[in-house]
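Note sheet for the following structure.
In this text the structure is predicted, and so the values were computed from the model without any measurement. Just so we're on the same page: letters track the sequence lines, and every chain starts at 1.
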Amino acid sequence: GAVVSQHPSWVICKSGTSVKIECRSLDFQATTMFWYRQFPKQSLMLMATSNEGSKATYEQGVEKDKFLINHASLTLSTLTVTSAHPEDSSFYICSARAERIHSYNEQFFGPGTRLTVL
Amino acid sequence: AQKVTQAQTEISVVEKEDVTLDCVYETRDTTYYLFWYKQPPSGELVFLIRRNSFDEQNEISGRYSWNFQKSTSSFNFTITASQVVDSAVYFCALMDGNFNKFYFGSGTKLNVKP
């Protein structure tokens, strides 16, 4: 149990286009999901917290108009990279917080999406 | 402020050697959680262990062991008799007591050579 999927697993797009990445909790409901970005050979940096039914909370320095987050249901959050540029090329990882599956609200990570912008 | 420091950027060992990955954390919370994740070249994070701030008991799982010491704010990870399959980037992470954000260290790349 507690599986999180991401789609697509990798995507290549042209500069200026928009790309949508989906994060799904497959066997549990997640009112809160998180989006991380990882540049090559670097650590994971939290971009935003996605809350079902409300606006996402963005970390300092993350452009909310460029990285659109929609948490449409208790099992799905999407991240749309608008007008992507080569500097947006990165590994994007989501995590979903399971409400009290165990004794605390554990987070489970998706497998990641590798975005390459040409 | 929450912070995790992994001072070792990269470590290379020969198979069957023991290796310890260091992790030092900073937090003002009394309740917090510490984690270790393995990230192989595929990129997917593999959960290894979680420890809460009230449980300083060391843990052993097969070839893996963890040493949690609140007095030095450290949560070190030891692999005994390393294997080539252990080659990966290992991340130490801290989570606040409200189960919100992960604070990841910069990661330690482990190379295990045959």
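- Tracing side-chain contacts under 4.5 Å through hydrophobic residues (I, L, V, M, F, W, Y), one reaches A/V11 starting from A/Y92; they form part of the same cluster.
- Residues satisfying the ring-ring contact (aromatic ring centres under 6.0 Å, His included) criterion with B/Y90, sequence neighbours excluded, are B/F77.
- A 4.5 Å side-chain heavy-atom check between B/F102 and A/L44 finds every atom pair outside the cut-off.
- Counting heavy atoms of neighbouring residues, nucleotides and ligands inside a 6.0 Å radius, atom NZ of B/K70 exceeds 12 of them.
- Grouping the Ile, Leu, Val, Met, Phe, Trp and Tyr side chains by contacts below 4.5 angstrom, directly or via other members, places B/Y25 apart from B/Y33.
- Remark: the backbone N or O of A/S43 is not paired with any side-chain donor or acceptor of B/S106 at under 3.5 angstrom.
- Within a 6.0 Å radius of CD in A/E87, other residues, nucleotides and ligands contribute more than 12 heavy atoms.
- Scanning for side chain to side chain donor-acceptor pair (under 3.5 Å) contacts around B/Y103 gives an empty result, with sequence neighbours left out.
- B/V24 and B/M95 fall into different hydrophobic clusters, where Ile, Leu, Val, Met, Phe, Trp and Tyr side chains are chained together by heavy-atom contacts under 4.5 Å.
- Other residues, nucleotides and ligands place no more than 12 heavy atoms under 6.0 Å from the NZ atom of B/K109.
- Listed in order of number, the residues of residues 53-67 of chain A that approach chain B to under 4.5 Å between heavy atoms are A/E59.
- A distance of 6.0 Å or more separates the ring centres of B/F47 and A/F108.
- Neither the backbone nor the side chain of B/T9 comes within contact range of chain A; no heavy atoms are under 4.5 Å apart.
- Of all the listed residues (A/Q38, A/Q42, A/M45, A/Q6), the one sharing the greatest number of non-hydrogen pairs under 4.5 Å with chain B is A/Q38.
- No chain of hydrophobic side-chain contacts below 4.5 Å, direct or via other Ile, Leu, Val, Met, Phe, Trp or Tyr residues, connects B/W36 to A/F109.
- One hydrophobic cluster, built from ILVMFWY side chains closer than 4.5 Å, cannot hold both B/Y37 and B/L34; they sit in different ones.
- Rounding to the nearest 0.5 angstrom, the gap separating the CD atom in A/Q107 from the CZ atom in B/R50 is 12.0 Å.
- Atom CD in B/E44 sits 8.0 Å away from atom CZ in A/F91 (nearest 0.5 Å).
- In this structure, chain A has no heavy atom under 4.5 Å from any part of B/Q6.
- In this structure, chain A has a heavy atom under 4.5 Å from the side chain of B/F91, while its backbone stays farther away.
- Of residues 111-118 of chain A, those residues lying under 4.5 Å from chain B by any heavy-atom pair are A/P111, A/R114.
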